[in-house]
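Take a look at the structure set out below.
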Protein chains: 2
Amino acid sequence: MEISSERLGDHSPATGPGSRGRYPKGVRRRQEIIDRSIEVFADVGFEGASLRALGEAIGVSHAALRRYFETREELFLEVLREKDRRTIFETPDGIYGALRLAEGLVEYATQVPGLMALRHSMVARALESGNEHSKRFFVDRYAAVREELAHHLSAARDEGIVRSDIPLDAMTALVVGALDGLSTQWLLDPSVDIYRGIDLLEGLLRPAVTHPLVS
Amino acid sequence: MEISSERLGDHSPATGPGSRGRYPKGVRRRQEIIDRSIEVFADVGFEGASLRALGEAIGVSHAALRRYFETREELFLEVLREKDRRTIFETPDGIYGALRLAEGLVEYATQVPGLMALRHSMVARALESGNEHSKRFFVDRYAAVREELAHHLSAARDEGIVRSDIPLDAMTALVVGALDGLSTQWLLDPSVDIYRGIDLLEGLLRPAVTHPLVS
DNA sequence: GTCTATACAGGGATAGAC
DNA sequence: GTCTATCCCTGTATAGAC
């Protein structure tokens with residue numbers, strides 16, 4: 001989807017000589033930092049992922065990282081952006097299931113454990129006044145996720161899988177929120193069956209065949 | 001409710017002379033620290049609430065705080081515990097509405113802004129391996145919240161406000177998760193109407209008679 | 001352009017004096 | 001029970017090598 005790639009697309013290098021665009025090597029290095037960072041998060045969690053630890057894993061000093069990211073916060077946001085790009089926004093449109101995206105969102109949680117902790121931590125920052133970059137990131141991110149989901153739900157409505165008498169925007173916010181909240185509970189305590197919760201929500205959103213709500 | 005007060009009840013002082021129980025003055029001081037901390041969070045947010053800042057607000061050095069809390073993490077968990085005690089678990093049983101508790105949970109979010117950021121941050125810690133105190137806190141906390149909500153939903157079922165053909169545990173996990181997730185989206189972007197989402201969920205859980213789900 | 005070396009302010013944790 | 005002094009680590013910032 002265009003909106004997704006636009007909202008969550010690549011950014012130019014943080015600092016550049018002059019201001020004339022992108023620099024292949026710098027961009028590549030920047031991407032390498034992001035990729036390696038994800039691995040480090042998987043290894044030691046985000047709390048152990050100090051700039052010095054990150055630099056050591058990559059083979060550079062911590063100061064070098066700041067050539068590509070103005071601040072630690074910026075680097076972490078790019079890590080989350082990359083993670084979103086890989087999981088949520090690469091899902092093909094309109095697979096059979098409506099809440100197919102749900103599995104993507106859940107998968108998001110399970111794949112690299114440290115990234116969920118990182119996400120919560122960065123949301124925490126975004127909720128505090130003064131961290132405008134984080135705030136903007138998540139405001140846009142959730143808007144993009146909702147829009148992506150709206151696309152899927154709309155298709156699901158055409159297939160008769162999802163009720164048509166519910167406003168899309170309210171539905172998307174609810175579904176995204178439910179998936180987020182269920183994921184958190186499940187990550188904390190695996191005995192909370194997240195899939196039962198998702199199935200329940202999916203059932204609630206399905207057109208009630210036993211009642212004459214929809215013809 | 002007994003379970004709540006048991007699970008979220010007071011703890012003994014972290015350190016005590018000998019090991020013979022509670023010490024009024026120590027307990028009082030400890031409570032004062034928690035109360036003042038909440039005020040500091042409201043003022044400067046949790047990021048600015050360093051142990052030194054907290055100590056200064058109370059009038060002691062940062063080292064003194066460790067007489068009452070073994071670690072910063074422990075202090076913050078107690079702040080959250082106190083906040084839960086004040087909002088969620090003081091709601092009287094079985095007011096008319098089923099999702100009456102929902103408003104309490106939402107209110108939780110809005111009252112002291114810094115506390116939601118703190119909660120997210122501590123959940124982040126809980127999701128990382130190695131922070132067993134935080135993890136246990138939130139595992140128990142969410143279990144208690146679900147149980148509290150189950151109590152309300154059960155009463156609501158008797159009143160015919162909530163469908164009786166849905167397992168309580170799946171329903172509670174879904175509702176708690178939805179409220180959490182919606183709150184997050186709303187705190188980030190007030191244009192996301194959290195009450196429409198709650199109303200939608202409430203409508204979905206209502207025994208299907210004829211109600212259209214528009215707002 | 002890219003990176004190292006280094007300095008700095010602030011954080012939590014801790015030991016020992018009173 | 002509270003303090004001061006200290007330790008090590010953090011993110012940030014700057015200077016200068018090549």
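What you see below is based on every heavy atom in this structure, not just the backbone, and it leaves out hydrogens, waters and symmetry mates. So you know, we letter chains A, B, ... as the sequences are listed, proteins then strands, and number each from 1.
Nucleotide dC3(C) holds its P atom 10 Å from the CD1 atom of Ile58(A), rounded to whole Å. Put simply, CD on Glu70(A) is 12 Å from P on dT14(D), counting in whole angstrom units. Across the protein-nucleic acid pair, Arg66(A) atom CZ and dT14(D) atom P stand 8 Å apart, rounded to whole Å. Rounded to whole angstrom, the span from the CG atom of Leu65(B) across to the P atom of dT2(D) amounts to 10 Å. Summarising the geometry, the separation between CZ on Phe46(B) and P on dG11(C) is reported as 13 Å, rounded to the nearest angstrom. Computed from coordinates, the Phe69(B) CZ to dT2(D) P distance equals 12 Å when rounded to whole Å. If you take CZ of Arg67(A) and C1' of dG16(D), they are 11 Å apart, rounded to a whole angstrom.
Annotation: proximity of residues 47-56 of chain A to DNA chain D (heavy atom, distance under 4.0 Å) is found for Ser50(A), Leu51(A), Arg52(A), numbered in ascending order. DNA chain C lies under 4.0 Å from no heavy atom of any residue of residues 33-42 of chain A.
Remark: Ser61(B) is not in phosphate contact with dT4(D), judged by side-chain N or O atoms under 4.0 Å from OP1 or OP2. At dC3(C), one or more side-chain N or O atoms of Tyr68(A) fall inside 4.0 Å of OP1 or OP2 (strictly under the cut-off). The shortest distance between the side-chain N/O atoms of Arg72(A) and the OP1/OP2 oxygens of dG11(D) is below 4.0 Å.
A salt bridge between Arg86(B) and Glu82(B) is present, with a side-chain N of the basic residue lying under 4.0 Å from a carboxylate O of the acidic one. In summary, Glu128(A) and Lys135(A) do not engage in a salt bridge, as defined by a charged side-chain N under 4.0 Å from a carboxylate O.
Rounding to the nearest 0.5 Å places CE of Met171(B) at 6.0 Å from CG of Leu205(B). Note that the CZ atom of Arg119(A) and the CZ atom of Arg141(A) stand 4.5 Å from one another [nearest 0.5 Å].
When the salt bridge (charged side-chain N to carboxylate O under 4.0 Å, His left out) test is applied to Asp43(B), no partner is found at least two apart in sequence or on another chain. For Asp169(B), the salt bridge (charged side-chain N to carboxylate O under 4.0 Å, His left out) test picks out Arg196(A), with sequence neighbours left out. Phe76(A) is linked by a ring-ring contact (aromatic ring centres under 6.0 Å, His included) to Phe41(A), counting only residues two or more places apart in sequence or in another chain. With sequence neighbours excluded, the residues forming a side-chain contact (heavy atoms from CB on, under 4.5 Å) with Thr71(A) are Glu73(A), Glu74(A), listed by chain and number.
Where His62(B) and Arg29(B) each meet DNA chain D at their nearest nucleotide, the meeting point lying more 5' is that of Arg29(B).
Within 4.0 Å of Ala64(B), counting heavy atoms only, lie sugar-phosphate atoms of the nucleic acid but no base atom.
Between the Arg157(A) side chain and the Val162(A) main chain, no donor and acceptor come within less than 3.5 Å of each other.
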